[in-house]
Structures are given as structure tokens and as C-alpha cells.
Amino acid sequence: MPDSDISPQFNAKMAISDYKKVIQDADNYFNKNFTHVAIDEIVKLRADFFDSLLQHLWACADLHNENISLNAVGGYGRQTLHLHSDIDICVLFDEKLTAEQEEHIGQFFTQLWDIGLELGHSVLALNETDKACKDDITVATSLFEIRHLSGPDSHAKQVLGRLYGDDLWSSEAFFKAKFTEQDERHQKAQGSAFSLEPNLKNSPGGMRDIQTLIWVTRKYFAAQDMAALRRFGFFTADEHAELLESQHFIWRVRWALHAAAQRSENRLLIALQSDVASLMGFGDNSHLAIEKMMRQLYRAMRRISELNQMLLQYFKDEILVQLDKKSTPINQHFEINGRMINARHDDVFVDRKQLIALFIHIAENADDIDGISPQTIRLIRQVRRRLLGDLQDFHRCRKEFLALFRHPQGMGLALSLMHKHGILASYLPQWREICGQMQFDLYHVYPVDEHTHKLLKNLYALSGKPENPSLVQPAAVYKSIENKEVLLLAALFHDLAKGRGGDHSELGAVDALQFAKFHELKPSQAKVIAWLVENHLLLSLSSQRLDIYDPSEVKNLAKAIGTKARLDALYCLTVADIKATNDDLWTNWKATLLRDLYLSISYALRNGLENVLEQRTIVREHKNEALELMGVSETPEAIKQLWKRLPLSFFSNAQPSEIARYSQAMTKYPADRALILLDENTTKGSSDLFVYMKDKPGLFVTLFNTLASLQISVQQAHISKTKDGYVVESLKILDYDHHPIRTAGRRERIKQKLKQVLFENRKLSKKRQNSNLGSFASEPKVEFLHSRKKDRTLISVTALDNPQFMSHFCSGFRRFELNIHSAKITTVGEQVDNVFLVSDKDGQSLDEENKQALKSFFVDFIKEQIPA
């Protein structure tokens with residue numbers, strides 16, 4: 001790739017359009033060669049190209065003979081210029097600028113902007129640089145990478161000389177500042193690089209982690225690159241090669257990301273991942289290509305993060321003034337040295353048992369240990385590479401592994417470090433298979449391994465005092481569980497079979513049984529672990545799809561679960577799983593729903609499965625309580641006539657307070673109006689919306705789409721029809737912020753909009769399509785679920801979130817002349833699970849022919865709406 005191919009002869013007669021064309025030609029050349037030329041060469045050549053351009057324009061502005069210097073700083077100063085990265089420059093001068101010099105500098109920058117360059121720039125007097133660097137560590141860091149381009153080269157040398165000294169920043173102060181900066185950056189990223197859309201620059205394990213090492217190296221050792229660390233004994237040749245390999249892969253991803261986005265972008269956005277993977281040569285099979293790319297990216301970021309931690313700790317010991325660190329022996333193998341656990345001899349891991357024992361010591365000394373010493377991390381890395389089989393092949397390792405899961409602090413720092421340093425993957429072959437595995441549904445925002453790690457951490461958090469009131473009940477249940485290791489091992493295996501094809505719950509249960517047998521667990525424990533893995537979605541799906549307040553459904557679930565111990569474990573597993581799936585998914589509404597379901601099943605199990613109250617008993621009790629709330633002993637005639645018209649489901653699904661309030665409102669309802677009530681209570685998990693009006697075609701879909709246009713999500717909907725053609729719709733809703741409707745003004749606007757659309761037939765504005773679906777768009781899933789009502793059919797339709805889909809559902813219902821008796825809509829990320837209870841025109845369940853016809857109708861309609 002000769003330089004002449006991208007270094008045209010610039011001349012003063014070139015117009016702005018000529019410069020733009022030259023830059024575009026150069027970038028086209030870089031993109032053409034991107035797939036087969038080393039990325040470090042690409043980014044350096046692009047920096048060299050802009051060196052030539054800026055030097056030419058500097059001369060054209062009559063600045064090259066002045067006592068003013070042009071310098072590259074930041075990433076451009078390091079000669080690593082990515083496709084759409086900012087070009088960071090600093091203009092330095094000795095004395096006060098003349099008016100003519102200021103004008104020429106202004107013309108220089110104006111020309112750069114006219115050409116279309118994205119600049120990061122500063123103009124400083126040399127005597128101002130000291131104060132700027134001292135006041136702002138970011139300025140000091142940027143100038144550490146100053147590189148002379150034109151004018152006196154003494155300016156850059158003088159700046160570097162001052163920065164290398166201790167007057168502006170001592171090595172100790174600089175290290176502390178950069179260490180704190182990195183820690184804050186990691187905290188902002190919630191401690192994980194392994195999200196659905198990692199930030200290539202700022203996430204843990206990203207480019208900034210390498211740059212932090214470079215900055216500290218330059219300040220303390222006056223070295224230009226990381227290779228110098230090998231000379232100082234901080235780096236081995238293998239570690240240096242590993243860091244460069246990981247860095248170059250991330251650089252290549254970032255270049256491809258800029259090319260795909262056609263702008264400066266550091267987040268590997270979902271919508272761009274397929275294009276990035278294709279540009280990098282992973283193939284055109286979207287999901288498979290993304291999977292390969294992301295696995296390799298996560299691996300590179302994990303390597304960088306580990307090396308960063310190891311080297312920064314070495315630097316800390318070298319740079320910071322250390323008081324005599326107290327060393328406390330644990331046993332002949334390990335010691336605690338200044339809040340770090342340290343191996344006492346280099347051959348400690350010859351005994352493979354000690355690899356697991358290390359983390360048990362961390363759990364046992366949780367109050368005194370913050371991490372693993374860099375020397376011990378290096379030993380872990382060395383033995384990890386030499387492992388030929390799985391650690392669980394060693395009987396003593398199996399004993400230690402179970403001991404970790406039984407320890408009260410085992411799922412704390414110990415588990416996180418075990419995962420971070422690859423020992424969990426070295427122990428479980430199934431864990432290796434799911435490392436970095438994407439899930440392609442926008443419901444899960446983490447790869448499978450990171451999701452499982454978070455789930456285990458969530459369970460561990462339940463052993464403490466919960467800060468979130470919605471976790472008080474799960475925490476109390478978790479603390480009451482005697483054999484917590486059974487639950488924790490089930491959590492470990494719950495998703496480990498993903499990606500193999502088939503039902504991951506069933507396959508995972510088989511894996512769990514094999515694990516239990518191999519680890520000599522009791523048969524009773526093995527059975528519970530396998531059952532939890534196979535049924536880990538039972539409560540979650542039931543809360544989404546079923547009427548959890550229907551005694552027959554509760555009875556069915558109680559029979560499936562069987563014991564209170566299983567229910568307790570499943571409840572805690574479900575809560576932790578939801579929280580680990582998506583940070584926005586756990587809401588007060590979800591917590592209330594699961595708590596009510598848990599309490600209902602607990603009651604059923606406690607009182608015997610056959611003692612669950614039947615629907616008519618529930619209806620009778622609800623009516624009596626509603627009358628008490630109305631303050632009457634006998635049913636008023638108007639209420640009596642109303643209740644005769646309403647189906648039993650209205651009374652069994654609603655609470656007595658709701659029955660009282662809705663009944664009184666309906667008796668006063670004018671026949672020519674739509675009754676719309678919106679609950680003012682904001683202390684519950686959701687707001688209650690109630691609509692009562694004359695039935696008309698498409699009423700439910702109109703109601704749903706109106707709410708969607710208001711950014712309101714429907715969590716649950718019950719539909720009842722009176723004998724004389726009216727519809728009663730009761731909905732649980734959440735506002736755009738996942739909370740109940742908070743203000744009176746917002747409630748009034750919602751009711752007004754509903755009246756305009758439902759009664760006055762106003763048209764809805766079209767909702768903007770979600771442009772972030774990218775490669776996660778997938779075919780809808782249509783299932784016919786078991787219904788305990790013989791004359792009803794339960795239909796589940798799962799699809800990406802699109803209000804138009806509800807129109808298609810109802811179009812299908814109208815086409816097949818079906819009656820909707822209830823609907824449950826659960827939004828999970830960008831996906832919606834819709835469950836409808838329907839009957840045919842004769843009030844009977846659907847036969848197989850109609851089921852298949854309806855399924856085809858839904859799939860064909862929805863697929864037409866999925867973005868290409």
C-alpha cells in the first residue's frame with residue numbers, strides 16, 4: 001500500500017470542492033484496502049495524509065514562517081486517525097499574536113471547516129499551557145500526545161518537558177487522577193462492557209483502557225508506547241502481543257463502524273451490527289456473522305480489561321508511596337497483602353484445586369479483599385492457557401466448586417472475579433459455549449454469560465437489605481430458603497443450553513442432572529435443580545399470558561409446582577432473571593403481578609389444591625364487598641339490573657373497590673356517551689383505565705392504538721361484553737416512564753384523547769416506526785395455548801413492538817368472526833407478547849382448521865410489516 005497512492009500534490013489553486021474530492025478519494029482508498037491491510041498501518045496512513053493536507057493549508061495561510069506552531073494532539077497526535085474521528089490540533093505561539101496573525105489563523109480554521117473536517121482545536125500561548133494543564137487533567141492528557149506538524153518544533157518539546165516534570169503534575173497525582181477517571185467511566189458503564197451495544201471507546205475493555213495505560217506509561221517512564229513496558233519488566237512478550245492483537249481487532253471494528261454509520265460513532269449500535277460484521281469479512285449471514293464478530297469483540301475487550309487491571313495495579317505499587325502493607329497469611333498458598341489476595345509462591349496452581357480454592361478464600365475474607373494481586377492474575381493467565389481439559393475433571397476441584405456455591409459470600413466478589421478471569425469458563429464447558437453469545441431479541445440486553453452472571457448477583461443481593469421496595473418480598477422469601485445452593489446451581493444452568501437448537505430449558509435440565517450426578521449431589525437436590533431449570537420461565541410466562549386472578553389458573557399452576565419449597569425457589573429465580581434480562585424490565589407493575597401470583601399459589605398450596613375458591617364463590621364475595629363499599633345492605637335496583645347484564649368474568653377479574661366504583665359510574669352513564677375512568681391512585685404498580693360504551697367494530701384496536709400514540713403501554717386488558725351490546729374494557733396501563741400516570745393534567749389529556757378517538761371518530765396520527773430493530777427483526781411466533789375453558793381458545797402472538805400489528809390481530813378476528821373475551825399485552829424490550837382468549841361466532845373454541853388458517857393469516861400479515 002504505497003504512500004503515493006494517497007498523497008496527491010496539493011497546490012494553492014485548489015478550490016474547496018477539490019479538497020473535498022481529494023479527502024473522499026483517500027478515504028475510499030482506505031476503505032478499499034481496509035480488509036487486507038493491517039489496521040495500525042491504515043490509521044497511521046490516514047494521519048499521515050492529513051499531516052500533508054494541514055501542512056499545505058498552514059503554508060497557504062502564510063503561517064509556516066511565523067513563530068507559531070501547528071501540532072497534532074489526542075488520537076491524531078498518536079497517529080491513530082480513524083475514518084470519522086475528530087482531527088485534534090493545537091496552535092501554540094510565543095508572544096501575543098498580531099491582528100494579522102489572528103486573521104491568518106482564523107482563515108486557516110475557516111478553510112478546514114469549509115472543507116468539512118471535524119475538528120477539536122485550541123489556540124494557546126506557551127505561557128498559558130502550564131495553567132491549562134494544571135487546571136484540567138484532560139488538557140494535560142491531550143498535550144502528552146502532542147506531535148509537531150509545522151512551525152517551531154521547540155514548542156512541542158517545551159510542552160512535553162513541562163509535562164514530564166513534576167511541577168504541573170507529579171507522577172503520583174497524575175496516576176491517581178487517571179485511575180479515578182477510569183473508575184468513574186467504568187461505573188458509568190455499569191461495570192460491564194458486555195451489553196448489547198458496547199461502547200468501543202469507553203466501556204471497560206475498550207480503547208480508553210489501553211490509552212490510560214499509555215498515558216501513565218508516558219508520564220512515569222517518559223516512554224512513547226507500550227513496548228517500553230517490556231524493558232521495565234511489567235510486560236511479558238506474550239502479554240504485549242495479546243494486548244496489541246486485541247487493540248487491533250477493536251480498531252478494525254471501529255473503522256468498520258464508522259464506515260457503516262458514515263459518521264463518528266463509538267457505540268456498536270444494533271442497527272449497524274450486520275453491516276459492520278459484513279465489512280469485517282464475517283459473512284452475509286446476518287445472525288451468524290454478528291455472532292462471530294461479537295464473540296471475538298467480547299473476548300478482546302475481556303482480555304484488555306484483564307491486562308489493564310493487572311498493569312494498573314503494578315503501576316500503583318510502583319508509583320504510589322506505599323505504607324508498609326500488612327501481609328496476613330491465609331495458608332501456605334495464599335496471603336492478603338494490602339486488601340489484595342496474593343499467591344505466596346509461583347507454582348501454587350500446579351495443584352489445580354487451588355484455582356477454585358482461591359475464590360473460596362475471597363468469599364471467606366470478603367470484608368478484607370478488594371481484588372487479586374497482579375502477580376497472581378499473571379499466574380492465573382499462565383495456567384489457564386495450559387489447561388487441556390476442564391477443571392471439573394479434578395475431583396478436588398468439584399468439592400471446592402460446590403463449597404463456593406454453598407458459601408454465604410460465594411456469589412459476591414468471588415463469583416465476579418471467577419467469571420472475569422475465565423475460571424468459570426475453564427470449569428464448565430457449557431459456560432465456554434455461551435460466552436459472548438448474542439440473543440437477537442432486544443428483550444435480552446446482555447450476552448448469555450453476562451446475563452447469567454447478573455442473575456446470580458441479583459440472587460446474592462436478595463440476601464441483604466433491598467433498597468428497592470419492590471424487592472422486599474423476594475428478599476424475605478430468599479432468606480427463608482434453606483438449601484440456597486440448589487437455587488444458585490439452577491440459576492447457573494438456566495440458560496446454558498441456549499444456542500444449541502431445541503428447547504434450552506429441557507436441554508439445560510439434562511445438563512443440570514448430569515452435573516448433579518457428577519458432583520455427587522443428593523438425588524432429591526438434583527431433581528429440584530433440573531425441575532427449576534426446565535420450568536424457570538413458568539411464573540414469568542404465566543404472569544404475561546394468563547389471568548392470574550382466575551382460581552382455576554392458580555390451581556393449575558399450584559399442581560404444576562407441587563411444593564412451597566419449589567415455589568419459593570422459582571419465585572426468587574424469576575425475579576432475579578427478569579432483573580438480569582433488561583434493566584428497564586423490572587417495574588412496580590411487574591413486581592406486583594409476580595407477588596400476587598406467588599401469594600395466590602402459596603395460598604393454594606397451603607390450603608390444599610382442592611380448596612381453591614371457585615369462580616362463582618369469588619363473584620359472590622366480590623359483589624357483597626362492593627355493596628359494603630357502596631354503603632348499602634341491599635342491592636339497589638339500578639345496580640341489580642346492571643349486574644344482570646354483565647358476565648361473571650367482570651366480577652372475578654376486578655377488585656371489590658373497582659366493582660363498586662365502576663358500577664356506580666355505569667348506572668349514571670348516558671347511552672350516547674363513552675364512559676372513561678382513569679384511576680388517580682399512583683401508589684400501585686399500574687394505573688387502571690376503564691372504558692364502557694356501545695360496541696363497534698375495531699373498538700379494542702382503536703383503544704390500543706390511541707394509547708400507543710400517547711406512549712402508554714398496556715400491561716393487561718380484560719374485555720367483557722354485556723348481553724345488550726355494550727363493551728366493558730378494564731386495562732392496566734403504564735406511562736412512557738414505566739410508572740403509573742402521575743399527574744391530573746396527564747390523566748385529563750389521556751381521557752380527552754380517548755373520547756375524541758373512540759366517540760368522535762377522530763383520526764390518529766401515524767406512529768413512527770422503531771428504526772433500531774436492525775438485525776433483530778424476526779418472524780412472529782403464533783401459539784395456541786392450553787385453555788381451561790372448554791369453549792374458549794387461548795392464542796399467543798409474539799412480535800416486535802408495532803401498534804399496527806394490533807390492527808392485524810383484530811382484522812383476523814373480524815375475518816374469522818371471533819369474539820375477544822380478554823387480552824393480555826406484555827411489552828418486553830422491543831417485543832410484545834399478546835395473549836387473547838377468543839371463541840368463534842357460536843361461542844365455541846376454534847377447531848384445528850380454523851386455528852391453522854388464523855395462524856397463517858397472522859404470520860403473513862405481520863411479516864409484511866417487518867423492515868427489510
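The basis for the numbers below is simple: all heavy atoms, side chains too, and nothing from hydrogens, waters or symmetry mates. Since this is a predicted model, take the numbers as computed values, not measurements.
- To the nearest 0.5 Å, atoms CZ (F836) and CG (L818) are separated by 11.0 Å.
- Every residue two or more places apart in sequence or in another chain that forms a side chain to side chain contact (heavy atoms under 4.5 Å, CB included) with A576 is listed here: L455, N458, L459.
- In plain terms, the two heavy atoms of L710 and R746 that are nearest each other are O-NH2, 2.7 Å.
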Discussion item. Using the rule given for side-chain contact (heavy atoms from CB on, under 4.5 Å), can you reason through V727 versus I719, listing the C-alpha separation, both sets of side-chain angles and the distance that settles it, and then say yes or no?
Written reply: CA-CA 7 Å; V727 173; I719 305 168; 4.1 Å; yes
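- P474 places a side-chain heavy atom less than 4.5 Å from the side chain of Y571.
- Within the 3.5 Å criterion, the main-chain N or O of L196 finds a donor-acceptor partner in the side chain of Q273.
- Judged by the 6.0 Å distance and 45° axis criteria, K623 is positioned over the aromatic ring of F651.
- The only member of M666, K721, M693 that meets side-chain contact (heavy atoms from CB on, under 4.5 Å) when paired with V728 is M666.
- A salt bridge links E848 to K851: one of the charged nitrogens lies within less than 4.0 Å of a carboxylate oxygen.
- A side-chain donor-acceptor contact under 3.5 Å links D503 to the backbone of S505.
- When all heavy atoms of T452 and A491 are compared, the closest pair comes out as CG2-O, 3.6 Å.
- Taken from CG in L794 to CG in L846, the straight-line distance is 11.5 Å, to the nearest 0.5 Å.
- We find the CG-CG distance between L599 and L594 to be 11.0 Å, quoted to the nearest 0.5 Å.
- In this structure, I434 CD1 and R500 CZ are separated by 10.0 Å, a value rounded to the nearest 0.5 Å.
- Here H622 pairs with I618, P656, I659 under the side chain to side chain contact (heavy atoms under 4.5 Å, CB included) rule; sequence neighbours left out.
- F784 does not carry K855 over the face of its six-membered ring by the limits of under 6.0 Å from the centre and within 45° of the normal.
- Remark: K755 NZ to T706 OG1 distance equals 14.0 Å, nearest 0.5 Å.
- Under the 30°/60° scheme for interplanar angles, the aromatic rings of H494 and H451 are found to be tilted.
- When all heavy atoms are compared, the tightest approach of V533 to G508 is CG1-C, 3.5 Å.
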Practice prompt. Could you give me the CA-CA distance, side-chain angles and deciding distance for I712 and F704, then say whether side-chain contact (heavy atoms from CB on, under 4.5 Å) is met?
Written response: CA-CA 9 Å; I712 290 171; F704 180 89; over 6 Å; no
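- Atom-to-atom distance recorded for L675:CG and L758:CG is 11.5 Å, nearest 0.5 angstrom.
- Within the 3.5 Å criterion, the main-chain N or O of G843 finds a donor-acceptor partner in the side chain of D840.
- Side chain of N535 to backbone of L538: no donor-acceptor contact under 3.5 angstrom is found.
- In summary, the aromatic rings of Y662 and Y692 are positioned with their centroids too far apart to meet the 6.0 Å limit.
- Salt bridge D679/R747: absent, no basic N to carboxylate O contact under 4.0 Å.
- For the pair M293 and L268, the tightest heavy-atom approach, listed with the atom from each and the gap, is CE-CD2, 4.1 Å.
- Judged by distance alone, the side chains of S540 and Q544 do bring a donor and an acceptor atom under 3.5 Å apart.
- Taking each heavy atom of A604 and A558 in turn, the nearest pair found is CB-CB, 3.9 Å.
- E265 meets the side chain to side chain donor-acceptor pair (under 3.5 Å) test with R263; sequence neighbours excluded.
- The local environment of NZ in K751 is crowded, with over 12 non-hydrogen atoms from other residues, nucleotides or ligands closer than 6.0 Å.
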Discussion item. Using the rule given for salt bridge (Lys or Arg N to Asp or Glu O under 4.0 Å), can you reason through E534 versus R566, listing the C-alpha separation, both sets of side-chain angles and the distance that settles it, and then say yes or no?
Written reply: CA-CA 12 Å; E534 187 168 1; R566 284 187 177 184; over 6 Å; no
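- With hydrogens and angles ignored, the 3.5 Å screen pairs no side-chain donor or acceptor of S663 with any backbone N or O of A660.
- Without hydrogens or angle criteria, S542 side chain to L546 main chain gives no donor-acceptor distance under 3.5 Å.
- In this structure, S687 contributes its side chain and I741 its backbone to a donor-acceptor pair below 3.5 Å.
- Residues satisfying the salt bridge (Lys or Arg N to Asp or Glu O under 4.0 Å) criterion with K841, sequence neighbours excluded, are E817.
- With sequence neighbours excluded, the residues forming a side chain to side chain donor-acceptor pair (under 3.5 Å) with W586 are S470, listed by chain and number.
- D495 and H504 form a side-chain donor-acceptor contact under 3.5 Å, judged by distance and modelled atom types alone.
- In this structure, K694 is positioned above the aromatic face of Y726, its NZ or CZ under 6.0 Å from the six-membered ring centre and within 45° of the axis.
- Counting heavy atoms from C-beta outward, S602 and L567 have side chains that approach closer than 4.5 Å.
- Contact annotation: the side chain of L597 approaches that of L539 to within less than 4.5 Å [non-hydrogen atoms, C-beta and beyond].
- Within the 4.5 Å cutoff, the side chain of L677 has no heavy atoms near those of the D688 side chain.
- The ring pair (Phe, Tyr, Trp, His ring centres under 6.0 Å) test applied to F650 returns no partner, not counting sequence neighbours.
- The two residues L272 and L257 have their closest heavy-atom pair at CD1-CD1, 3.7 Å.
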Discussion item. T667 vs Q641, test: side-chain contact (heavy atoms from CB on, under 4.5 Å). Steps then yes/no.
Written reply: CA-CA 9 Å; T667 57; Q641 294 302 318; over 6 Å; no
